Amino acid sequence: MAHSPETRANVRKLYIEGMPLTGAAAACGVNYDTARSWKAAAETKGDNWDTARAAYRIGDMGIEELSRQLVDDFSRQVITTTREIE
């Protein structure tokens, strides 16, 4: 199923604003693998969604708050991974 450029732009927007790619894809009615391929294709053209996301976060909260948020996110990932291993 082909999706409109607006749908692709909306997935990108939601992702950059902080939604996980899985959530952005679901919110727009797009398969996760499709959204992932859009993200990869955009990166080959110089549009790195992760860089845009980081810039959005810095602009939204400032570098100190971003640093705190990144440490919190990483800590949650470590705890989750540790629990899954156990």
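Owing to the predicted nature of the structure, the values given are computational and were not obtained by experimental measurement.
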For [Y], is there any backbone N or O sitting under 3.5 Å from a side-chain donor or acceptor partner on [X]?
| X | Y | result |
| --- | --- | --- |
| Thr7 | His3 | no |
| Arg53 | Gly18 | yes |
| Thr81 | Val78 | no |

[atom1]/[X] to [atom2]/[Y] distance, rounded to the nearest 0.5 angstrom?
| X | Y | atom1 | atom2 | answer |
| --- | --- | --- | --- | --- |
| Gln77 | Ile79 | CD | CD1 | 11.0 Å |
| Glu86 | Glu84 | CD | CD | 10.5 Å |
| Asp47 | Arg12 | CG | CZ | 4.0 Å |
| Glu6 | Cys28 | CD | SG | 11.5 Å |

Problem - Hphob cluster co-occupancy, Leu21 + Trp38, side-chain heavy atoms under 4.5 angstrom - result: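 In one cluster: yes.
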Practice task
Consider only side-chain heavy atoms of I, L, V, M, F, W and Y, link residues closer than 4.5 Å, and tell whether Tyr15 and Val30 are in one cluster.
Solution key: yes
Problem - All side chain to side chain donor-acceptor pair (under 3.5 Å) counterparts of Arg76, not counting sequence neighbours - result: Asp73
Handout entry: Heavy-atom closest pair, residues Ile16 and Tyr56
Key =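 Ile16 and Tyr56 have their closest heavy atoms at O-CD2, 3.5 Å.
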Practice task
Check Met19 against Ala24 and note the closest heavy-atom contact, atom names and distance.
Solution key: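 Result for this residue pair: SD-N, 3.3 Å.
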Practice task
Taking the side chain as every heavy atom from C-beta outward, state whether Lys39 and Asn48 have any pair of such atoms under 4.5 Å apart.
Solution key: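 Side chain of Lys39 against side chain of Asn48, heavy atoms only: no contact under 4.5 Å found.
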